[in-house]
2 protein chains.
Amino acid sequence: MPTRNGSKNKRLEKEKQILLAAEKVFAEAGFGGATMQLIADVSGLPKANIHYYFSTKEDLYRRVVSNIFDIWLQAAESFDESSGPAEGIGGYIDAKMEISRRHPMGSKVWASEVMHGAPVIQDYLEDVLVSWTEGRIDVIQRWIDDGLMEPTNPRHLLYMIWSVTQHYADFQHQIETLNGGQPLDDADWQDAKSNVRAIILRGLGIDDTGNETDA
Amino acid sequence: MPTRNGSKNKRLEKEKQILLAAEKVFAEAGFGGATMQLIADVSGLPKANIHYYFSTKEDLYRRVVSNIFDIWLQAAESFDESSGPAEGIGGYIDAKMEISRRHPMGSKVWASEVMHGAPVIQDYLEDVLVSWTEGRIDVIQRWIDDGLMEPTNPRHLLYMIWSVTQHYADFQHQIETLNGGQPLDDADWQDAKSNVRAIILRGLGIDDTGNETDA
DNA sequence: GCATCACTTGACCAATTGGTCAAGAAATTT
DNA sequence: AAATTTCTTGACCAATTGGTCAAGTGATGC
């Protein structure tokens, strides 16, 4: 049997394997409730081996959270490369809904971290998130000044988009319970997406000319 | 010195004192991260005394969560006693925003519990929340059928209201960081409330005839 | 004054926690 | 094939955890 391809990145592969298990455990139990032993079990590795790659629990946790933060920021691209509010805000909503669907555990870890006062990633909040938010507020304000949408406080508009889209990840369990114990299927997600998009865009007085992105 | 009035409810007062401390600790650390010792310290009582009133950590936690659930449901009253969608939905949004402002810790405990799969209050979800939600969906659907608001999936509309209003409690820390490290003041809250209300009602095609409740 | 009750609390316990370590197994380099 | 580096792992440790318990204190009723 030949050597596995990509054998050089053995360390990276192992780290990914551990990070995936850690994300799951942190999402389900929170930082305090998660145990290194459980992360070890889920990843199928002995506990001491986890500590070989990540020296402390907090190290591992920090890596998980910052991974999520990167995904968060990627959704902003559609915002920037847009020609106007319909494409920009609509696309941003679609992108964030898609993240909630594909990375619900990551979203939960993030929510948990922030809810508990962001003890680990406060610097991220103060640096990256603050400046990112200010930049987006400027873009929205310009759209308002140009009469492309109803006057609104851009800051609270962003909060609304964040909360609604992330709700589908963070409160996944509650939503499934209210859905008869079943996960949302394709049609449900399509419904959710178009409802969120429609209400917000109409609420902003933006004409949504059916250019939904279909991830 | 005369006997304190209401001395008979000594037990109830002590329980309240403990529950208040517990709510704070559970909100800040999550169930797993919270320790009975810390709850004892915050409430100013020896740990063994806490266990006299609440036999286990889970008992105490259950009491905290169900207290919050009751407050949750109270906000629904304005929904029922309404004459139409403007008053019903608008009032519900106002009431839930007010709860987020007055009981942010309770909201966090609830969010944490649901995010981790609702291990303790799953029965509440399946019983009370499911039937409450179905009742409210019927009301909204009737408004839609009567042409009082734009056709919308009532279920996802409820999710939107829940997520946006609770966001101001659950992500309080993030919001404060984005607010220059300062808590929202009266004007900020008024701004938040009217923005949320305006976007959602306009998004539903409801004429909001300025009957905001001023809690 | 005495008995019964509710309450308080320091000391304690078994179990679990995050983290260490040394001995070795594999892989890589020379 | 020897040497060196990277990785693996069971056994272990000090600290902390939720929870117990028995000896007390204070009040209430008789």
Side-chain angles (χ1 to χ4, degrees), chain A residues 1-26 28-65 109 112-113 116 119-120, chain B residues 1-26 28-65 109 112-113 116 119-120:
Chain A
M1 204 183 291
T3 320
R4 295 247 299 106
N5 65 335
S7 61
K8 201 184 117 214
N9 1 7
K10 188 186 172 189
R11 169 158 211 132
L12 287 181
E13 282 176 18
K14 218 82 190 249
E15 283 184 355
K16 225 170 224 166
Q17 174 186 357
I18 295 171
L19 284 168
L20 194 73
E23 185 183 72
K24 191 177 177 186
V25 172
F26 282 132
E28 285 171 1
F31 179 80
T35 67
M36 295 298 279
Q37 186 58 61
L38 188 55
I39 293 172
D41 292 347
V42 170
S43 67
L45 265 46
K47 197 183 69 169
N49 205 359
I50 309 274
H51 274 100
Y52 176 76
Y53 288 100
F54 299 92
S55 56
T56 69
K57 185 185 180 184
E58 195 173 317
D59 266 19
L60 179 52
Y61 179 72
R62 186 177 228 113
R63 280 286 299 275
V64 169
V65 174
V109 176
S112 218
E113 163 71 7
H116 299 344
V120 174
Chain B
M1 206 182 289
T3 320
R4 293 247 301 108
N5 65 335
S7 61
K8 204 186 113 211
N9 3 8
K10 189 184 171 191
R11 170 159 210 132
L12 287 181
E13 283 176 18
K14 219 79 190 252
E15 283 184 356
K16 225 171 225 169
Q17 175 186 357
I18 296 170
L19 284 168
L20 195 74
E23 184 184 72
K24 192 177 176 187
V25 173
F26 282 132
E28 285 171 1
F31 179 80
T35 68
M36 296 298 279
Q37 187 58 61
L38 188 55
I39 293 171
D41 292 347
V42 170
S43 66
L45 265 47
K47 197 184 69 170
N49 205 359
I50 309 274
H51 273 99
Y52 176 75
Y53 288 100
F54 300 91
S55 57
T56 69
K57 184 185 180 184
E58 195 173 316
D59 266 18
L60 179 53
Y61 179 72
R62 184 177 230 113
R63 281 285 298 275
V64 170
V65 175
V109 176
S112 218
E113 163 71 6
H116 299 343
V120 173

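Every chain is numbered from 1 and lettered A, B, ... according to where its sequence line falls, protein lines coming before strand lines. All values below were derived from every heavy atom in this structure, side-chain atoms included, with hydrogens, water molecules and symmetry-related copies excluded.
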Treat a base pair as Watson-Crick or G-U wobble with both distances under 3.5 Å, then lay out DNA chain D in dot-bracket form, 5' to 3', with | for cross-strand pairs. |||||||||||||||||||||||||.|.||

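Rounded to the nearest 0.5 angstrom, I50(A) CD1 and S55(A) OG are separated by 12.5 Å. Distance check: Y52(A) OH to R11(A) CZ gives 5.5 Å after rounding to the nearest 0.5 Å. To the nearest 0.5 Å, the span separating CD1 on I39(B) from CD on Q37(B) amounts to 10.0 Å. Separating the NE2 atom in H51(B) from the NZ atom in K57(B) is a distance of 9.5 Å, to the nearest 0.5 Å.
One interatomic measurement links the two molecules: CD1 of I50(B) to P of dC7(C), which rounds to 14 Å at whole-angstrom precision. Protein atom CZ of F54(A) is 13 Å distant from nucleotide atom P of dT8(D), rounded to whole Å. Following rounding to the nearest Å, E13(B) (CD) and dC7(C) (P) show an atom-to-atom distance of 12 Å.
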Shorter than 3.5 Å, N or O on both sides, protein versus nucleotides 5-7 of chain D: list them out with atom names.
unit_1	atom_1	unit_2	atom_2	d
dC7(D)	OP2	R11(A)	NH1	3.1
dC7(D)	OP2	Y52(A)	OH	2.9

Provide a list of protein-nucleic acid N or O atom pairs under 3.5 angstrom, restricted to nucleotides 18-25 of chain C.
unit_1	atom_1	unit_2	atom_2	d
dG18(C)	OP1	A34(A)	O	3.1
dG18(C)	OP1	K57(A)	NZ	3.2
dG18(C)	OP2	M36(A)	N	3.0
dG18(C)	N7	K47(A)	NZ	3.2
dG19(C)	OP2	K57(A)	N	2.6
dG19(C)	N7	K47(A)	NZ	3.0
dG19(C)	O6	K47(A)	NZ	2.6

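By the neighbour-count criterion of 12 heavy atoms within 6.0 Å, atom NZ of K24(B) is sparsely surrounded, having that number or fewer from other residues, nucleotides or ligands.
A29(A) approaches A34(A) most closely through the heavy-atom pair CB-N, 3.7 Å.
Within the 4.5 Å cutoff, the side chain of H116(B) has no heavy atoms near those of the F31(B) side chain. A heavy-atom distance below 4.5 Å is found between the side chains of Y61(A) and E113(A). Between L60(A) and L19(A), the closest side-chain pair of non-hydrogen atoms falls below 4.5 Å. Put simply, the side chain of K16(B) does not reach to within 4.5 Å of the side chain of L12(B), judged on heavy atoms.
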